[in-house]
Structures are given as structure tokens and as C-alpha cells.
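Position 1 is the first residue of the sequence, and the numbers go up from there.
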Amino acid sequence: MMGVSGVDDDVVQIQHPNKPGDPFIVTVNCPDKTGLACDICSIILDFGLCIFKGDVSTDGVWCYVVLWVIPQSLLLPMNSSYLILKERLQGICPPCLASFYLVQQPSRSSPVYLLKFCCLDRKGLLHDVTKVLSELELTIQKVKVTTTPDGRVLDLFFVTDNRELLHTRKRQDETCERLNAVLRDSCISCELQLAGSEYEYNQGISSLSPALAEELFRCELSDNEVRSQALSPDMAKLKKTIVTLDNSLSPAHTLVQIRCADHKGLLYDIMRTLKDMNIKISYGRFSPNSMGYRELDIFIQQKEGKKILDLEKQTALCSRLKLEMLHPLRVIIANRGPDTELLVANPVELSGKGRPRVFYDVTFALKTLGICVFSAEVGRHSTSEREWEVYRFLLDENCEFQLTGVAAKNKIVNKVRRTLMGW
């Protein structure tokens, strides 16, 4: 039952399972706001949790969310990290005071810090550093990684602190100590400071050729098996997504029914799409995985509180949801002159937030394949319809994985995509 919680600590509750393997139950009970379900799912995804099933309901003023979550790729054991998860979820909930119902305070953006270190190169270095930053709850905003001819690596990580403590000497020392523990004798220097004009300078991504941009951002995947986007059986399954709208079951709401292949971050992708299209969720149910597929029933309204009756708007909503289910992340491999380049792109929320854990998952996949990264960068790219977060990795030819040949390149694409999708 929805109602006012008298204590902020009651806004988020995490119930531990009765036996190992059962899901944790995360309950959020707080004032409603546009996109709250998307923000919750983003944090759940960031913690490496899979949403087993879920229920969302709101009366327009108060929101009640229950998610059954299962740890999949947690950076820390759930028993020790659930308090941090609880704090993160509480941080995105509107205040419980009635005076804040209608007028909510604008969110304050976190300051960006520049972490700069130089070290000797080795296999898996980039992922090891990324893992440490994730464990420290530092969100990577931009990256610039360069390997010098003498085998040294210069890394620039622009990060924000989810704990909002990076301005303190204790937190800065902890960050450098944890990095030094991973880099050990290979570390040459490590500096951490508030980012200046160099952050704005590194906002963009290196220029993409028109052909490369068309392949990376196109709306449909190619069926041509010789291209780097060749469809695997997993990707073919994604094309079976079904989205239907029904206005007959509720006098005030449109029912959206979705049946699609399951993947990591699925609920986040759906909620992000609805948030960006200014769609209000009144009630939603997310069913458990059945034979690799998920089913969702979501009762929605337009921003002004009306059903979606216009046929063009119905078609646009269905098409957009199908597109996001088809390939929420774009992965291709291309030639940059004589070198091999891996590119990954995901749409950025209208609020400016990117998808969690992409850099972590990609570097993990490359480390698993035994592929070294010669250089890497993360930036934003704008198309006519939306803004994208683009990850570019120039792969090192001198590694145990042979980069030549269509089969080898398709193997890289499929490994990276499967890691990102949780398959």
C-alpha cells in the first residue's frame, strides 16, 4: 500500500533471501517523479544485478517499486555492498516531505575529476584499472588511453564520485593506493585532480567517417554474413520482439505489452525509452525469464495524463521500443588504415546520462580473448535523432589473438556483444 514514510531510511528496503540462490527483494517507496523507474534500473544495472521480476505502480504522486534481483557480476559480495546500493537508491528518490511533491529541487551535478597515470603496458591492464574504479564507485565519464612506442601507457580517466567524497584527501589517497596495488611495480606516476578545460576538450570523439557512422548508427542490422555485424543466433532471436498497444482494457491508460528476448539491462532499456519519450508509467509488471524471453505489461499515459490514441504516436512508440530491443548497443569492427578498431555505441539518455558498465564489460571481453588495447577513447557523437556514447578501441596486433580474417573479427564482435548483453 502506497503511503508516506516517516523515516527516509524506510524509502529503500533490501530483503535478503532465505536461502542461497534466491533473489534479493529491493523495495522503493517514495514520491514519484518522471523517469524514476529508469534511474532505479540504471543503478541496479551498474551494480551488476539482474532483475528476475518486478512490479511498478504509482498514483501520480507516490511510487512503489518492487524488484527481485539476482547477483550476476557483482564487483563486491552482495552482503557487503547492499548498504551502498541502498544509499545510491535513496539518493535518487525525491524527498518525502509533502512540500516537495510539486516543486522538486534540481539535481546538483557531481564535479568531474581527472585521474592521470603512467605505467608500463601489459595484457588486461585497462580492465584491471576499470575494475578498481568500479569497485571504488567512481563513474567513468570520459577516457583517453595512449600507448607510447617504448611500451608505456598514459591513461586519462575523467570520473565522478558516486559517494561525493573525492574532494577529500582521504578519498583521493584511497583511490591512488588501490590503483598502485593493482599496477604494482609497473606504475610510474599517478595523479588525481579536479578536471579543468581539458575535460571539455576531450568531450567529443575522434571524427567518424560517413561510412563508419552509417554502419554504427543505422536502424537495421545487416543480414550479410561477411560484414562485421553478421547476425548470430542470439541476434536473430532479438528480431522476434513483439510490441502491441491496447486501449480497451482501461478508461484512462494505454496498455503496452512486450515480448522479447531477455538481455542484461532489458528493463533499463525499456524504461529509458519511455522516459525519453515523456511517457508516464502508472503500473508495470516484469515477468521472469521463460525459455530466454521476457514479457512485460505496462499501463502508460502521455505526459498530460491521456491515453495514446493517435495512430502515428502509437506507431512511433512501437517502432522505438522494437528498435531498442533489437540492438540497444551497437558493436562493429573496422579497419583504421592498417590497424583494427573496435567500436561500441549506445544511446545517451536525454538527461545526459550514459549506460552503466559498458567500458567495464568491453575491456573484460577483450581481456578474456587475450587482446591488448593500443589506444582507447570514450566520447559523445550526435546524429540527427539523438546523442550517442561511443567507445573506440585500437587493438594491438602483437597479441595472442589473431586479428586478421573475417571469422576472427566476427568472433571479437560476438564476444563483446554477448558480454554486454549478458549472454
Would you please name every residue forming a ring-ring contact (aromatic ring centres under 6.0 Å, His included) with [X], sequence neighbours left out?
X: His127; answer: Tyr360, Phe364
X: Phe286; answer: none
X: Tyr268; answer: none
X: Trp388; answer: Phe217

Nearest-0.5 Å distance, [atom1] of residue [X] to [atom2] of residue [Y]:
X: Lys280; Y: Leu274; atom1: NZ; atom2: CG; answer: 13.5 Å
X: Leu166; Y: Leu115; atom1: CG; atom2: CG; answer: 8.5 Å
X: Phe117; Y: Leu154; atom1: CZ; atom2: CG; answer: 9.0 Å
X: Lys116; Y: Leu156; atom1: NZ; atom2: CG; answer: 7.0 Å
X: Leu133; Y: Ile140; atom1: CG; atom2: CD1; answer: 5.0 Å
X: Asn414; Y: Thr419; atom1: CG; atom2: OG1; answer: 10.5 Å

Donor-acceptor contact below 3.5 Å, side chain [X] vs main chain [Y]:
X: Arg417; Y: Leu329; answer: no
X: Ser290; Y: Tyr293; answer: no
X: Gln301; Y: Ala252; answer: yes
X: Asp32; Y: Asp59; answer: no
X: Lys409; Y: Thr340; answer: no

For [X] versus [Y], what's the shortest heavy-atom pair and its separation?
X: Lys86; Y: Val12; answer: CE-O, 2.9 Å
X: Met325; Y: Cys260; answer: SD-SG, 3.9 Å
X: Gln314; Y: Ile308; answer: NE2-O, 2.9 Å
X: Ser375; Y: Val373; answer: O-CG1, 3.2 Å
X: Pro328; Y: Arg355; answer: CB-NH1, 4.2 Å
X: His253; Y: Ser282; answer: NE2-OG, 2.9 Å

Which residues pass the side chain to side chain contact (heavy atoms under 4.5 Å, CB included) test with [X], not counting sequence neighbours?
X: Thr160; result: Ser110, Val112, Thr139, Gln141
X: Val182; result: Arg122, Asp128, Val132
X: Cys318; result: Val243, Leu245
X: Glu387; result: Val348, Arg380, Ser382

Response to the item:
Ser248 meets the side-chain hydrogen bond (donor to acceptor under 3.5 Å, both in side chains) criterion, sequence neighbours left out, with Asp246
Sub-4.5 Å side-chain heavy-atom contact between [X] and [Y]:
X: His16; Y: Phe24; value: yes
X: Ser209; Y: Glu214; value: no
X: Leu394; Y: Thr147; value: no
X: Arg88; Y: Asp46; value: yes
X: Phe157; Y: Leu138; value: no
X: Val331; Y: Leu342; value: yes
X: Ile40; Y: Ile92; value: yes
X: Val159; Y: Thr175; value: no

Discussion item. The criterion is salt bridge (charged side-chain N to carboxylate O under 4.0 Å, His left out); which residues satisfy it with Arg171, sequence neighbours excluded?
Written reply: Asp161, Glu174
Worksheet item: Pairs in or reaching into residues 333-350: which pass salt bridge (Lys or Arg N to Asp or Glu O under 4.0 Å), with residues at least two apart or in two chains?
Response: Lys275-Glu349, Arg336-Glu341, Glu341-Arg392
Practice prompt. Hey, could you give me each pair passing salt bridge (Lys or Arg N to Asp or Glu O under 4.0 Å) that has a residue in residues 300-322? Not counting sequence neighbours.
Written response: Arg320-Glu324
Discussion item. How about CZ on Arg386, more than 12 heavy atoms from neighbouring residues, nucleotides or ligands closer than 6.0 Å, or not?
Written reply: yes
Practice prompt. Check whether more than 12 heavy atoms from other residues, nucleotides or ligands sit under 6.0 Å from atom NZ of Lys411, and answer yes or no.
Written response: no
Discussion item. Walk me through whether Phe359 and Phe393 qualify under ring pair (Phe, Tyr, Trp, His ring centres under 6.0 Å).
Written reply: CA-CA 10 Å; Phe359 196 79; Phe393 300 87; 5.6 Å; yes
Worksheet item: Of the options Ile44, Ile43, Val26, which is the one that meets Leu49 in a side-chain contact (heavy atoms from CB on, under 4.5 Å)?
Response: Ile44
Item to complete: Go through the steps for Asp361 and Lys264 under the test salt bridge (charged side-chain N to carboxylate O under 4.0 Å, His left out), then give the verdict.
Response: CA-CA 11 Å; Asp361 284 342; Lys264 182 168 65 177; 2.8 Å; yes
Fill in: Stepwise salt bridge (charged side-chain N to carboxylate O under 4.0 Å, His left out) check, Asp262 with Arg294
CA-CA 6 Å; Asp262 192 20; Arg294 295 276 193 170; 3.1 Å; yes
